Q: 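The structure follows.
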Amino acid sequence: MKDYINWKRTKFAAEIGEDDYNTEVTLCGWVQYTRDLGKMAFIHLRDRSGVAQLTALSKTMDKEIFDLIVSVPRESAISVRGIVKQSTQAKAGWEIIPYKVKVMGKASTPLPLGVVDKVEADMDTRLDNRFLDLRKPHIQSIFMIRSTILNAAREVFLEEDFVEIQTPKIVATATEGGTALFEMNYFDKKAYLNQSPQLFKQTMMATGLDRVFEIGPAFRAEEHDTVRHLNEYTSIDCEMAWGDLDDSLEILEKVIQRAYSNVLNTNYMDLENLQHKIVSPERPFPRLKYGEIIEKLASIDLEMADEVSGKKRTIEWGDDIPLEGFREIAKDRPSLYFVTEWPMKLKPFYIQPSPDDHEISQGFDLNYGEKELVSGGQRVHDPGQLKTLIKERGLDLEGFKFYLKAFDYGMPPHSGWGLGAERLTMIITGLSNVRETVLFPRDKHRLTP
RNA sequence: GCCCCGAUGGUGUAGCGGCCUAUCAUCUCGGCCUGUCGAGCCGAGGACACGGAUUCAAAUUCCGUUCGGGGCGCCA
């Protein structure tokens with residue numbers, strides 16, 4: 001039989017108020033809970049905005065509708081038409097007296113994952129049933145916040161005259177090196193999933209677009225198994241010409257600050273759902289020199305394994321700062337700070353040395369406590385110098401042909417950075433596992449869903 | 001790449017040689033209930049990852065496999 005009723009939603013649960021008393025509404029959502037008292041039943045209907053209570057009385061309603069509404073399995077998708085009634089007994093002050101119900105999508109039982117159960121599920125179970133996991137308001141909040149963060153970045157870039165670009169994710173050469181890549185077959189040729197847009201965005205500096213940004217995926221085939229790594233992550237990248245490192249840092253500060261303030265302004269309910277409080281950071285962010293950090297760590301005798309001998313020794317200038325070292329620094333600096341003036345050998349080949357000291361680079365990191373958020377710097381734009389640095393690292397010039405070509409025909413000075421979108425989301429939401437901030441995370445063990 | 005840890009109903013767990021025909025909660029199904037909102041009450045259902053070994057006896061010990069969690073390095 002054809003259904004002639006228009007089941008389009010007229011209100012979200014959270015939109016209902018005094019003005020709606022004694023009017024008809026159509027709500028669409030999921031049956032969160034059914035409390036059947038025999039001749040009377042309460043159904044909690046959840047939509048994106050919140051929960052509405054439907055109060056069904058067998059005496060005053062069609063028996064068929066009553067039986068349907070009390071028997072529909074929880075988490076089924078239903079549409080309900082009813083009258084909003086004021087009620088002192090209902091928590092919201094109102095309730096819906098339904099008179100028409102349509103089951104749009106019946107849920108099977110039992111659920112692989114309870115949406116409102118009192119028992120928590122493991123991350124693995126949750127990810128296997130992510131669509132159900134996402135029905136939990138506090139999980140949805142993570143992705144509401146993530147969306148705000150990405151848009152805040154976009155907002156700042158566009159205000160600052162950047163052009164949004166997309167660079168290829170399938171590439172022929174082993175790009176910048178330093179990480180394992182996923183290999184793939186490209187019409188019988190070997191190809192790789194790109195680890196970062198670095199070389200492409202730099203190439204754009206030779207075009208006259210001057211300021212570009214990209215928000216897109218990056219792939220790393222590292223078999224790391226930690227709460228802060230993903231094999232596919234979202235990189236917020238930018239590159240700008242004709243300026244110096246400070247211009248880059250300023251844009252970065254603005255992006256981070258805007259992300260915080262937009263989340264504070266628009267996602268206060270989501271922060272509440274996550275029971276997390278944040279404070280917008282003030283600019284400029286503190287700047288720590290690599291050398292100062294090493295001094296501090298050496299003064300407390302932080303030990304680390306020597307790269308060559310493997311023996312334990314005190315940290316010294318030239319060593320990379322281990323996580324344990326950053327944990328020490330985080331005791332005094334639990335929030336955002338830049339780390340500048342890294343030794344050249346700890347930074348990639350495309351980072352420019354300082355004009356005063358060729359051992360020191362113009363590369364920087366942005367940390368939040370012990371967490372690394374951003375990496376960037378002033379780039380080498382002289383083709384001769386760039387070739388030398390590539391060779392010094394033992395990399396094959398042949399693989400960088402397309403990149404180097406752009407430097408041979410008028411490359412202006414430029415700088416830029418890459419920000420891990422998930423790491424920023426993790427910090428702003430206060431979550432401890434980066435997987436929480438991705439709908440369908442890719443890690444060493446997980447390829448589905 | 002290196003190192004730890006774990007696997008018990010749909011979900012989350014207890015048990016750590018015989019007391020296990022396996023605990024509790026949640027869940028599912030059936031019954032009662034006209035004001036529930038962590039509903040309540042009565043009844044029922046459902047599990048020891050897989051393979052091997054030790055033992056009179058294994059969920060429990062050992063080995064292997066598979067799957068999962070975490071740490072380090074590296075990075076965003």
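Labels below follow one simple rule: chain letters A, B, ... track the order of the sequence lines, proteins then strands, and each chain is numbered from 1. Predicted model, so just to flag it, every value in this text is computed and none were measured.
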Q: How would you label the contact of A:E120 with the nucleic acid (heavy atoms, under 4.0 Å): base, sugar-phosphate, or nothing?
A: sugar-phosphate
Q: For A:R74, which contact category applies under a 4.0 Å heavy-atom criterion: base, sugar-phosphate, or nothing?
A: sugar-phosphate
Q: Partners of A:E18 by side-chain contact (heavy atoms from CB on, under 4.5 Å), sequence neighbours excluded?
A: A:Y21
Q: Using the P atom in both, what is the distance from B:rC19 to B:rG35, to the nearest Å?
A: 48 Å
Q: Using 30° and 60° as the class limits, which term best fits the ring planes of A:W342 and A:Y290: parallel, tilted or perpendicular?
A: tilted
Q: Look at the side-chain N and O atoms of A:N433 and state whether any lies under 4.0 Å from the OP1 or OP2 oxygen of B:rG70.
A: yes
Q: More 5' along RNA chain B: A:S71 or A:K39, using each one's nearest nucleotide?
A: A:S71
Q: Taking the C1' atom in each of B:rA47 and B:rU8, what is the distance between them to the nearest angstrom?
A: 6 Å
Q: For B:rU61, what is the paired nucleotide under Watson-Crick or G-U wobble rules, both distances under 3.5 Å?
A: B:rA53
Q: In B/S/- notation, 5' to 3', how is nucleotides 39-44 of chain B contacted by protein heavy atoms closer than 4.0 Å?
A: B-----
Q: Can you tell me, in whole Å, how much space there is between the P of B:rU26 and that of B:rC41?
A: 9 Å
Q: Regarding A:Q53, tell me which of base, sugar-phosphate or nothing describes its non-hydrogen contacts under 4.0 Å with the strands shown.
A: base
Q: Between A:R313 and A:D319, is the closest basic N to carboxylate O distance under 4.0 Å?
A: yes
Q: Taking any heavy-atom pair under 4.0 Å as a contact, classify A:S87: base, sugar-phosphate, or nothing.
A: base
Q: Rounded to whole angstroms, how far apart are CG on A:L346 and C1' on B:rG73?
A: 14 Å
Q: Of A:K444 and A:V374, whose nearest nucleotide on RNA chain B comes first from the 5' end?
A: A:K444
Q: When we call it a touch if two heavy atoms are under 4.0 Å apart, what does A:S375 touch: a base, just sugar-phosphate, or nothing?
A: sugar-phosphate
Q: Check the phosphate of B:rG12 against A:T125, side-chain N and O only, distance under 4.0 Å to OP1 or OP2. Yes or no?
A: yes
Q: Any donor-acceptor pair under 3.5 Å joining the side chain of A:H229 to the base of B:rC75?
A: yes
Q: Salt bridge or not for A:E328 and A:K296, using N-O below 4.0 Å?
A: no
Q: Taking only Lys NZ, Arg NE, NH1 and NH2, and the carboxylate oxygens of Asp or Glu, determine whether A:E159 and A:R258 approach each other closer than 4.0 Å.
A: yes
Q: Where the side chain of A:T226 is concerned, which of B:rG73, B:rU11, B:rU13 is the nearest nucleotide?
A: B:rG73
Q: Let's test this: given Watson-Crick or G-U wobble pairing with both distances under 3.5 Å, identify the partner of B:rA7.
A: B:rU66
Q: Can you tell me which nucleotide in B:rC74, B:rC37, B:rU13 comes closest to the side chain of A:D320?
A: B:rC74
Q: Classify the ring geometry of A:F364 against A:F338: parallel below 30°, tilted from 30° to 60°, perpendicular beyond 60°.
A: perpendicular
Q: Tabulate below the donor-acceptor pairs under 3.5 Å that side-chain atoms of residues 105-116 of chain A make, not counting sequence neighbours, or state none.
A:
none

Q: Output yes when A:R287 and A:E253 qualify as a salt bridge under the 4.0 Å nitrogen-oxygen rule, no when they do not.
A: yes
Q: What does A:V227 touch in the nucleic acid at a heavy-atom separation under 4.0 angstrom: a base, only the sugar-phosphate, or nothing?
A: sugar-phosphate
Q: Roughly how far apart are A:K39 NZ and A:T60 OG1, rounded to 0.5 Å?
A: 13.5 Å
Q: For B:rG46, give its Watson-Crick or G-U wobble partner with both distances under 3.5 Å, or none.
A: none
Q: Is a donor-acceptor contact shorter than 3.5 angstrom present between the side chain of A:E222 and the base of B:rG1?
A: no
Q: Could you measure between the two P atoms, the one in B:rC27 and the one in B:rG68, and give it in whole Å?
A: 28 Å
Q: Please confirm whether the shortest side-chain N or O distance from A:R126 to OP1 or OP2 of B:rG69 is below 4.0 Å.
A: no
Q: Please state the C1' separation for the pair B:rC56 and B:rG17 - nearest whole angstrom.
A: 12 Å
Q: Choosing from B:rU11, B:rG70, B:rA76, which nucleotide comes nearest the side chain of A:V119?
A: B:rU11
Q: Is there a side-chain contact between A:R228 and the phosphate of B:rG70, meaning an N or O under 4.0 Å from OP1 or OP2?
A: no
